[in-house]
Trainee: 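Below are the C-alpha cells for one structure; questions will follow.
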Amino acid sequence: MANLKVTLVKSTIGALKDQQATVKALGLHKLNHTVIKPDNACIRGMIFKVKHLVKVEEADA
C-alpha cells in the first residue's frame with residue numbers, strides 16, 4: 001500500500017477551528033513537521049480539508 005508524506009508548510013493561527021483540529025489529527029505539530037500516512041480515502045479527505053496549509057508527496061517506503 002502506498003504512503004503519503006504530509007508536511008505542514010503554513011501556520012494554523014488564522015485557520016478555522018475545524019481545520020486546526022484536522023492538522024492536529026494528522027499528527028502535525030510545528031511548521032515544516034512531516035508525517036508519513038497511509039494513502040486511503042480517510043486521510044485524503046483530511047488532506048483535502050487543509051490543502052492550503054500542507055504539502056503532500058508520495059513516500060518511497
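Predicted model only: the values in this text are computed from it and were never measured.
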Trainee: Could you report the tightest heavy-atom contact between I36 and A59, atom names first, then the distance?
Mentor: CD1-CB, 4.0 Å
Trainee: Quick one: ring-ring contact (aromatic ring centres under 6.0 Å, His included) pairs with a partner in residues 3-45, sequence neighbours left out?
Mentor: H29-H33
Trainee: Does anything in residues 7-27 pair up under ring-ring contact (aromatic ring centres under 6.0 Å, His included), and if so which pairs, sequence neighbours excluded?
Mentor: none
Trainee: Which residue pairs pass the side chain to side chain donor-acceptor pair (under 3.5 Å) test when at least one of the two sits in residues 10-27, sequence neighbours left out?
Mentor: D18-K49
Trainee: Looking at residues at least two apart in the chain, or sitting in another chain, which of them share a side chain to side chain donor-acceptor pair (under 3.5 Å) with N40?
Mentor: none
Trainee: Going by salt bridge (charged side-chain N to carboxylate O under 4.0 Å, His left out), name the pairs with one or both residues in residues 33-48, residues two or more places apart or in two chains.
Mentor: D39-R44
Trainee: List, by chain and then residue number, the residues other than V54 in its hydrophobic cluster (Ile/Leu/Val/Met/Phe/Trp/Tyr, side-chain heavy atoms under 4.5 Å); write none if there are no others.
Mentor: L4, V6, L8, V23, L26, L28, L31, V35, I43, M46, I47, V50, L53, V56
